[in-house]
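Just below is one structure, and these are the notes that go with it.
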Amino acid sequence: MAENEKNQSARAPAAKGGQGRAARPAENTNGIKQKAPAAQKRPSGTAQKQNGNKSQPQAGKKKPQEAAQKTAQAQKTEHTQKASQKNQQPKQSRGRQKQPSPVAAQELALKQRRAQKPQKQQQNLVRKTPVRIISLGGLNEIGKNMTVIECANDMFLIDCGLAFPDDDMLGVDIVIPDFTYIERNIDKLRGVVLTHGHEDHIGALPYFLAQFKVPVYGTRLTLGLVEGKLKEHNLVGKVQLNVVKPRQTVKMGCMSVEFIHVNHSIPDACALAVHTPAGVLIHTGDFKVDYTPIENDIIDLPRFGELGNKGVLLLLGESTNAERPGSTKSERSVGNSFDTLFQQAANHRIIIATFASNVHRVQQIMDAAQKYGKKVAVSGRSMVNVVTKAIELGYLTVPKGLLVEIENIRSYADGQLVIVTTGSQGEPMSALTRMAMGDHRQVTVTPNDFIIISANPIPGNEKLVGRVVNELMKLGAKVIYEKMYEVHVSGHACQDELRLIHSLTRPRFFMPVHGEYKHLSKHADLAVDMGMDRKNIIISDIGKIVETDGVDFKIVGTVPAGAVMVDGLGVGDVGSIVLRDRKHLAQDGLIVVVTTIDSATGTVVAGPDIVSRGFVYVREAEDLMNEANKVVKKTLESCTSGGVREWGNIKQMVRDDLSRFLFNRTKRSPMILPIIQEI
């Protein structure tokens with residue numbers, strides 16, 4: 001027992017930071033002082049001080065032992081060394097003295113922490129050359145992804161995609177970003193880097209490169225798909241395409257861009273780490289975490305972790321699936337469903353509609369067809385282009401003799417064929433829609449067809465897809481769509497995968513990208529739930545300039561941005577006025593009034609003749625047209641009698657009077673186009 005007390009007493013001063021508490025006489029709970037063990041005897045220096053303090057009892061010091069003296073001396077040495085190393089406490093008096101109060105101790109500790117970390121805090125507050133992030137598309141919308149990264153006198157673009165027109169964009173083929181800001185700062189532009197080969201990321205490149213001849217950087221398949229687009233626009237050989245590999249870095253003036261491999265629904269997808277004077281920016285691109293990917297190469301999570309350990313200034317994270325909890329399923333799960341469905345359709349012709357760019361999905365279809373002894377034909381221009389390019393570059397493995405031309409499918413029995421086609425979104429001109437409407441040249445749908453729509457409808461396309469499904473079923477075909485079987489998985493990260501990227505990168509600031517406002521907002525909430533301060537998060541919009549210098553993160557201005565509509569060969573010549581007129585025509589139709597006036601007298605020589613298009617069928621509304629004719633005649637006569645000879649004024653009066661009459665009779669307001677000829 002005495003030995004244990006001696007050991008505890010010997011350790012006590014070190015545990016208490018050398019403040020000498022262990023040498024004081026112990027007290028029991030009743031406040032009665034107890035005799036200290038011999039091991040607690042103070043060193044001689046302490047005893048000398050206590051000689052002047054007569055109120056202190058000298059219990060336990062009558063028979064000092066040699067071992068106790070050695071122990072006390074060791075305690076003193078250890079205390080001296082620790083005080084010298086840590087330099088945390090002021091020199092202690094060796095006698096019994098009053099201990100600091102808890103408040104005083106806290107103040108002392110705070111002063112010590114401040115003294116230890118001044119340099120680190122100053123380093124964090126150093127302002128560096130600011131970097132700007134300007135989204136010209138992809139925020140508060142789906143598609144049209146395009147981001148400008150600008151620092152000092154250098155800038156580059158991340159992606160250059162298109163979007164498909166809304167329902168009110170009548171006659172418009174595609175929508176691309178507004179390049180006005182790029183045009184104004186073309187001297188700063190160092191190039192374009194691409195995350196992957198989907199249309200919403202590369203679709204606008206031909207229109208952009210027709211104006212600006214700058215180098216383009218991307219992975220092999222991505223640039224292979226870009227090259228196909230450049231051929232259609234006669235730009236091959238006029239643009240510098242630079243193939244890069246994951247973990248490779250390209251220089252962009254004062255910045256550099258590192259490519260990081262990620263999983264997506266198309267091979268060769270990459271995230272980007274942008275190294276700037278202000279710090280590292282990470283742009284995830286479109287991604288998901290697939291631990292069993294078709295290409296046998298999972299997302300490069302270690303690199304995200306390495307960058308996070310070094311310090312990430314800003315994360316720009318995709319938000320498409322930010323509303324969905326859990327994780328996205330592996331692409332291989334679709335292959336299992338194909339295997340089951342191919343067994344069910346052993347004696348049927350199988351038609352599978354999917355996204356043309358989903359090379360992984362096409363590969364699994366090829367594998368299933370090979371397994372069950374079927375031939376594969378490809379239908380749809382974009383599907384043919386992607387499959388051809390993927391085979392050429394080695395991203396699609398097709399056994400010899402498996403593929404057959406779509407023109408030769410009549411040479412095979414239904415049970416021997418699989419047709420891979422476009423049209424999973426019900427696009428009016430797609431191959432599957434033409435099959436459903438009976439307009440396809442090579443494929444006629446019959447009750448012996450087993451049709452799989454291997455895609456979920458993009459928001460807004462539900463009615464188009466439903467219409468195609470209905471028409472196919474009317475023809476007697478069996479249709480597998482949406483969630484009847486697991487025939488589709490997303491290529492975008494759900495909440496658990498987004499949390500993983502946040503936890504690996506640990507960014508100082510965060511800006512959600514790629515999605516409508518509800519997606520961006522949900523992703524911002526997810527970051528807050530993980531501990532990020534809301535003031536370090538910005539939900540931006542296209543055209544806004546987001547700037548950070550390593551200290552601040554804020555919106556500092558705006559640039560020209562918006563949607564440029566492409567109609568046929570016309571780029572940007574369809575604007576809001578044209579769309580308004582088209583909408584007017586679509587809703588209420590057109591009335592054309594033709595009349596001939598004598599230039600000398602101003603009297604009506606011929607007409608007026610009224611032509612209706614999209615308003616009423618003239619033969620069934622003769623009374624209405626006759627009354628309309630009388631209204632126009634009366635208006636022209638009043639112009640003549642009133643001396644109105646200016647064509648513009650005459651047309652406006654005809655338009656106003658006829659419009660008022662037709663609305664009163666039909667409650668419709670057709671577009672009225674007066675045409676006046678003068679002789």
Side-chain angles (χ1 to χ4, degrees), residues 140-141 163-175 178 428 460 463-464 467 560 562-679:
N140 297 302
E141 62 184 356
F164 294 104
D166 296 332
D167 292 339
D168 59 349
M169 296 181 181
L170 302 174
V172 175
D173 297 326
I174 61 172
V175 182
D178 187 344
K463 288 186 177 181
L464 293 175
R467 182 171 65 95
V564 174
M565 282 156 278
V566 178
D567 187 357
L569 297 177
V571 179
D573 56 354
V574 175
S576 59
I577 296 176
V578 174
L579 288 179
R580 182 196 65 190
D581 289 346
R582 289 181 179 182
K583 188 175 181 180
H584 192 179
L585 288 168
Q587 291 176 339
D588 298 308
L590 171 69
I591 293 289
V592 180
V593 180
V594 183
T595 186
T596 303
I597 297 178
D598 189 327
S599 59
T601 63
T603 58
V604 176
V605 178
D609 296 322
I610 298 179
V611 180
S612 171
R613 290 292 182 269
F615 175 61
V616 293
Y617 186 49
V618 176
R619 292 185 180 180
E620 295 180 358
E622 290 185 3
D623 293 341
L624 178 65
M625 290 295 100
N626 290 334
E627 291 183 44
N629 193 292
K630 293 178 181 179
V631 169
V632 175
K633 281 184 177 179
K634 185 176 180 180
T635 302
L636 293 173
E637 289 173 357
S638 65
C639 289
T640 302
S641 61
V644 179
R645 305 293 293 274
E646 175 62 37
W647 283 16
N649 294 336
I650 296 174
K651 289 181 179 181
Q652 188 60 48
M653 293 178 68
V654 169
R655 190 180 294 112
D656 292 343
D657 291 348
L658 184 57
S659 177
R660 191 180 303 111
F661 165 76
L662 293 175
F663 183 79
N664 290 335
R665 292 292 303 272
T666 65
K667 300 303 178 186
R668 285 182 281 172
S669 299
M671 179 180 289
I672 298 175
L673 182 62
I675 299 176
I676 299 176
Q677 295 177 326
E678 193 175 52
I679 59 172

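The structure presented is a predicted model; accordingly, all values stated were derived computationally and were not measured. Atom set for the values below is all heavy atoms of this structure, side chains included, hydrogens, waters and symmetry mates excluded.
Under the side-chain contact (heavy atoms from CB on, under 4.5 Å) criterion, L658 pairs with I591, V593, A628, V632, F661, L662, I672, not counting sequence neighbours. By the side-chain contact (heavy atoms from CB on, under 4.5 Å) test, K651 pairs with R655, P674, I676, sequence neighbours left out. With sequence neighbours excluded, the residues forming a side chain to side chain donor-acceptor pair (under 3.5 Å) with R665 are E627, listed by chain and number. Shown here are the salt bridge (Lys or Arg N to Asp or Glu O under 4.0 Å) partners of D178, two or more places apart in sequence or in another chain: there are none. For D609, there are no side chain to side chain donor-acceptor pair (under 3.5 Å) partners two or more places apart in sequence or in a different chain. With sequence neighbours excluded, the residues satisfying side chain to side chain donor-acceptor pair (under 3.5 Å) with T635 are D657. When the side chain to side chain donor-acceptor pair (under 3.5 Å) test is applied to N140, the partners found at least two apart in sequence or on another chain are D541. Residues meeting the side-chain contact (heavy atoms from CB on, under 4.5 Å) test with K633, sequence neighbours left out: P608, N629. Judged as a side-chain contact (heavy atoms from CB on, under 4.5 Å), and not counting sequence neighbours, the contacts of F164 are L162.
The CE atom of M625 lies 5.5 Å from the OG atom of S612; values are rounded to the nearest 0.5 Å.
L624 is listed as a side-chain neighbour of T666, based on a closest heavy-atom distance under 4.5 Å.
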